[in-house]
Amino acid sequence: MHLTKEEEKMLNGKFGQGTQKAMELLVAIGDAYDAERMIPISRAHVASSGQEGDLYFVELLADGGAKCRVPTSTNPVYDIEYFDKLFEAPKDEAEVARRVKQGYKRLGAILSWSCVPYLAENIPLFGETVAFSESSATPYVNSVIGARTNREAAQSALAAGVVGKTPKYGLHLRENRKGTVLINVEARLKDEFDYTLLGQFVGKRIGYGIPVLTGIPKCPSTEEFINFCAMSNTSGAISMFYIPGITVEAQTVEEAFQGDVPPEKITVTDHELKQTCEELQTASGKIDFVLLGCPHYTLQQVGEAARLLRGKKVHRGVSFWVCTSATAKVLAERIGYIAIIERAGGRVVADTCIDEPCWTVYKNKVGMTDSPKCAYYRRFKEVIVARLEDCVKTAVEGKCE
Ligand code: F3S
């Protein structure tokens, strides 16, 4: 890969050891993908995890004096102080999470601790070149916003944030942003959960590729887009998709396939969505907890949970949790959503991912969520996936049929 004089200096350690390590990683990736050169990025998002692999790389860069050169936001870890008061996470894991948080602070990152940073804390615009990791973030940024990012790992996104550049390969090249499979949606998409099911089905069915969706009746809401992005990029590896005429980059199917004939066509009907939903209903009976907000609930979703819980009480044996961003939590507090949820016996927590040691107390318990991604991580004995309305109903009744 051709490097500029400044990039050579970074690689040779003239900008400090931390930047050198970041540059070494980016050059190795660039070489692996035959990139010809590096290109500047305007922002990055790191799918930080607060776990040991994360800690190693963050401290490697921070101890080496690195600083983020472009705005670089961070994924949720967990609100250590909040959970310490309730039930302690294992001490060694809590220490790792604490050091990770400190590491990102030393690097000068935006301490957003949110997995939907593209809504508030770190928003790319159409055409921007960025390095965004995290399941919903990569396809959302590529498809809904029309910025350009590869499907970054936490480490490559952080390295790009530190160097301010990324190798030019993959989705940074127009020819690689070409649709690979036509998805004809005949299913009736009624709500956010149907987009969750659609994403789950599409990711699982095609695995890796750029789907072009037709038959979508109207422009999906922000939350519907988020759900489709998160699930298709978890059940599969979907970094980008098109809904011609709705997502920004292609107005027609022909444009999305860059003039080629779609090599494959898949039809999704109500039957496929129903089947996908049934596959996620893995248990019935008594539940111990409901866990919502994977990806982090938007302000509107927190409001919807509050609306459904208003005047009700969560069953004595059930814990009810909503995870959201710090930004949304402040507004939800101000509006009164949190008071309603708390009056019903639930809790709203910011900065926290569902895949963190703070949830160890539910390890052998059965839970319910509206997110297949939450169920996928398997931190718990069993997690049933269902619509928000059913999660709330079950939380109140204490069991599902
Ligand atoms: Fe967000 Fe963690 Fe789920 S990063 S999408 S809450 S697994």
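Both backbone and side-chain heavy atoms feed into the values below; hydrogens, waters and symmetry mates do not. In each ligand, atom 1 is the first atom listed, and ligand 1 is the first ligand listed.
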To atom 1 (Fe) of ligand 1, the nearest of Cys115, Gly293, Cys323, Cys294 on a heavy-atom basis is Cys115
Verdict with reasoning, Lys218 to Glu224, per salt bridge (Lys or Arg N to Asp or Glu O under 4.0 Å):
CA-CA 11 Å; Lys218 61 170 182 60; Glu224 288 167 344; 3.7 Å; yes
| field | Any donor-acceptor N/O pair, Gln281 side chain to Glu278 backbone, under 3.5 Å | value | no
task: Give a yes or no on whether a salt bridge exists between Arg387 and Asp194, defined as a side-chain N under 4.0 angstrom from a carboxylate O.
output: yes
Using a strict cut-off of 4.0 Å, indicate which atoms of ligand 1 neighbour a heavy atom of [X].
X: Cys353; result: 2 (Fe), 4 (S), 6 (S), 7 (S)
X: Asn75; result: 4 (S)
X: Tyr377; result: 7 (S)
X: Pro295; result: 5 (S)

Check your understanding: Under 6.0 Å from the CD atom of Glu95, do we count more than 12 heavy atoms belonging to anything else shown?
Key -> yes
From the list Trp359, Phe380, Tyr78, ring-ring contact (aromatic ring centres under 6.0 Å, His included) partner of Trp321 resolves to Trp359
For Glu356 and ligand 1, answer yes if some heavy atom of the residue is under 4.0 Å from a ligand atom, otherwise no. no
Quick check on Ile354 - does any of its heavy atoms sit under 4.0 Å from an atom of ligand 1?
yes
Rounded to the nearest 0.5 Å, the OG1 atom of Thr327 sits from the CH2 atom of Trp113 at a distance of 13.5 Å
Going by the 4.0 angstrom heavy-atom rule, the piece of Ala47 near ligand 1 is neither
